[in-house]
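Working notes for the structure below.
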Amino acid sequence: MNKKDEVNFLPRLTGSFAMPAAENPTVAMMEAAFQYHELHYRYINCEVTPENLEAAVKGAKAMGWTGFNCSIPHKVNVIQYLDELGESARIIGAVNTIVRRGNDWIGENTDGKGFVQAMRTVTDPAGKSVLIFGAGGAARAVAVEMAFAGAANIDIVNRGHERGEELAGLINEKTGATASYSPWTHNFQIRPETDIVINATSIGLYPNVDQQLDIDFNTLNDGMVVADGIHNPPQTHFLREAKSRGCSTVDGLQMLVNQGVIGIKYWTGTDVDPEVMRKELAAVLNL
Ligand code: NDP
């Protein structure tokens with residue numbers, strides 16, 4: 001940048017509003033992608049309390065930010081400050097990526113989109129029979145996007161009946177997939193005709209790395225694709241059990257990386273290299 005007319009000291013701004021924020025590694029992978037692709041953008045990791053969320057959103061607008069991520073505890077509350085929601089974000093009822101289009105702020109949810117993108121590297125969800133453990137925010141996003149990707153039927157298995165039944169009802173009502181709820185009985189047996197098995201609970205997340213799903217691992221077979229939403233550690237107990245039985249696997253790190261890839265595409269229009277981001281995440285998390 002020697003020529004005077006090429007110098008630009010004003011990067012476009014993106015970032016994250018969450019609380020807590022210090023342990024969120026997203027900033028590392030986003031900045032790695034911006035640098036690698038020479039995108040004149042920055043990603044600012046901000047700790048924002050619930051009472052300061054409105055001011056933070058107004059601040060981002062005032063400073064001309066291109067967009068931002070929202071994480072816990074703002075994914076639902078931020079919606080009131082936005083102009084519009086993407087289709088799946090509306091159905092999921094939560095937003096994690098905000099994109100400025102003209103003067104409008106649009107809320108999207110990339111949790112499930114990142115998951116489906118990772119899944120597609122192993123198998124196409126279209127026509128598949130899917131089992132999801134969990135019915136929280138991650139499960140909701142994954143179930144809706146798997147349904148939009150053409151999954152034929154989705155069985156939700158959750159410890160709490162109410163959340164499980166509500167999620168199955170949502171999928172039946174708002175998507176083309178057929179969904180059911182199964183109670184999570186002890187030593188849960190996975191039906192042999194299941195194509196894709198997904199852990200969308202928080203079981204196995206660092207530091208509880210020895211926590212195990214209460215399932216009969218011998219009901220996994222080598223025709224199944226097994227995925228885990230837990231990104232730290234990426235090789236969970238569940239994925240190790242699945243691999244040892246010959247299943248193809250998808251880890252939570254891929255889901256997280258793909259969320260970043262999709263977010264950067266929304267903000268910059270550029271398709272960034274997921275491998276650069278995955279490597280940076282693995283390095284900063286000592287994986
Ligand atoms: P929520 O708190 O909304 O939901 C947690 C889910 O886990 C519920 O279904 C809960 O069941 C279930 N659960 C927790 N402990 C147990 C247990 N001991 N036995 C059975 N079920 C249990 O969390 P989220 O859905 O937001 O997040 C879930 C996980 O997904 C997190 O670990 C997070 O790290 C991961 N995630 C990963 C992302 C990625 O990019 N890789 C993105 C977003 C989330 P119940 O309803 O009965 O309480």
Side-chain angles (χ1 to χ4, degrees), residues 14 16-17 26 53 57 60-61 65-121 123-128 130 132 134-156 163-181 196 198 200 227 229 250 254-272:
T14 65
S16 172
F17 298 162
T26 302
L53 180 63
V57 173
K61 287 184 183 180
W65 282 35
T66 299
F68 55 93
N69 288 133
C70 262
S71 194
I72 291 168
H74 305 314
K75 286 183 176 186
V76 175
N77 285 339
V78 74
I79 291 173
Q80 61 190 303
Y81 309 120
L82 306 179
D83 299 297
E84 220 180 287
L85 296 184
E87 190 188 6
S88 57
R90 197 164 43 240
I91 294 173
I92 296 162
V95 155
N96 74 343
T97 304
I98 289 90
V99 189
R100 198 185 68 208
R101 294 201 187 110
N103 287 326
D104 287 343
W105 290 77
I106 318 294
E108 300 281 359
N109 193 314
T110 62
D111 280 338
K113 291 183 202 294
F115 178 85
V116 167
Q117 202 157 301
M119 179 58 62
R120 283 207 169 105
T121 63
T123 191
D124 183 350
K128 297 290 186 334
V130 178
I132 300 177
R140 224 173 145 85
V142 164
V144 167
E145 296 293 353
M146 286 294 278
F148 280 156
N153 54 73
I154 301 178
D155 192 21
I156 306 292
R163 279 221 274 190
E165 275 164 6
E166 194 210 326
L167 178 52
L170 181 81
I171 299 300
N172 280 325
E173 199 186 316
K174 306 274 180 167
T175 78
T178 304
S180 50
Y181 165 71
I196 300 173
I198 302 163
V250 179
Q254 285 170 271
M255 176 177 174
L256 189 63
V257 165
N258 283 324
Q259 281 176 38
V261 169
I262 296 166
I264 294 180
K265 175 77 174 178
Y266 278 135
W267 295 328
T268 71
T270 302
D271 289 303
V272 294

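Both backbone and side-chain heavy atoms feed into the values below; hydrogens, waters and symmetry mates do not.
- Note: Ile98 CD1 to Lys61 NZ = 10.5 Å, rounded to the nearest 0.5 Å.
- Using a 4.5 Å heavy-atom threshold, the side chains of Ile198 and Phe115 count as touching.
- Asn69 places a side-chain N or O within 3.5 Å of a backbone atom of Asn96 that can act as its donor or acceptor partner.
- Atom CD1 of Ile106 is separated from atom CG of Asp83 by 6.0 Å, given to the nearest 0.5 angstrom.
- Residue Ala141 comes nearest to Ile92 through the heavy atom pair CA-CD1, 3.7 Å, listed as atom of the first residue, atom of the second, then distance.
- Residue Met255 comes nearest to Gly229 through the heavy atom pair SD-CA, 4.0 Å, listed as atom of the first residue, atom of the second, then distance.
- Between Asn77 and Leu53 there is a side-chain heavy-atom pair separated by less than 4.5 Å.
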Audit row: Ser16, Thr26, side-chain contact (heavy atoms from CB on, under 4.5 Å) steps and yes/no: CA-CA 8 Å; Ser16 172; Thr26 302; 6.0 Å; no

Going through the checks in order, is the side-chain contact (heavy atoms from CB on, under 4.5 Å) test met by Ile196 and Thr123? CA-CA 9 Å; Ile196 300 173; Thr123 191; 3.9 Å; yes

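- Atoms CZ and CG, from Arg163 and Leu167 in turn, are 9.5 Å apart once rounded to the nearest 0.5 Å.
- Identified under the salt bridge (charged side-chain N to carboxylate O under 4.0 Å, His left out) test for residues 101-114, with sequence neighbours left out: Lys75-Asp111, Arg101-Glu108, Lys113-Glu145.
- Between Ile156 and Gly134, the closest heavy-atom pair is CG2-O, 3.6 Å.
- Residue Gly93 comes nearest to Val76 through the heavy atom pair O-CG2, 3.6 Å, listed as atom of the first residue, atom of the second, then distance.
- Checked against Val144 for a side chain to side chain contact (heavy atoms under 4.5 Å, CB included), the options Val116, Asn109, Leu170 give a single hit: Leu170.
- Between Val130 and Asp155, the closest side-chain pair of non-hydrogen atoms is not below 4.5 Å.
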Just do the side-chain contact (heavy atoms from CB on, under 4.5 Å) check on Trp267 and Val99 with the steps written out, would you? CA-CA 6 Å; Trp267 295 328; Val99 189; 4.2 Å; yes

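- Atoms CZ and CD1, on Arg90 and Ile79 in that order, are 10.5 Å from each other to the nearest 0.5 Å.
- Thr270 places no side-chain N or O within 3.5 Å of a backbone atom of Val272 that could act as its donor or acceptor partner.
- Phe68 contributes atom CZ, which lies 5.5 Å from atom CH2 of Trp105 (distance to the nearest 0.5 angstrom).
- With contacts defined as side-chain heavy-atom distances shorter than 4.5 Å, the pair Ile91/Phe148 qualifies.
- Atoms NZ and OG, on Lys174 and Ser88 in that order, are 13.0 Å from each other to the nearest 0.5 Å.
- Minimum heavy-atom separation, Ala138 to Ala200: CB-O, 4.2 Å.
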Could you walk me through whether Thr178 and Ile154 satisfy the side-chain contact (heavy atoms from CB on, under 4.5 Å) test, starting with their C-alpha distance in whole Å, then the side-chain angles of each, then the deciding distance to 0.1 Å, before giving a yes or no? CA-CA 6 Å; Thr178 304; Ile154 301 178; over 6 Å; no

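- Nearest approach of Gly107 to Leu82, heavy atoms of both residues: CA-CD1, 3.7 Å.
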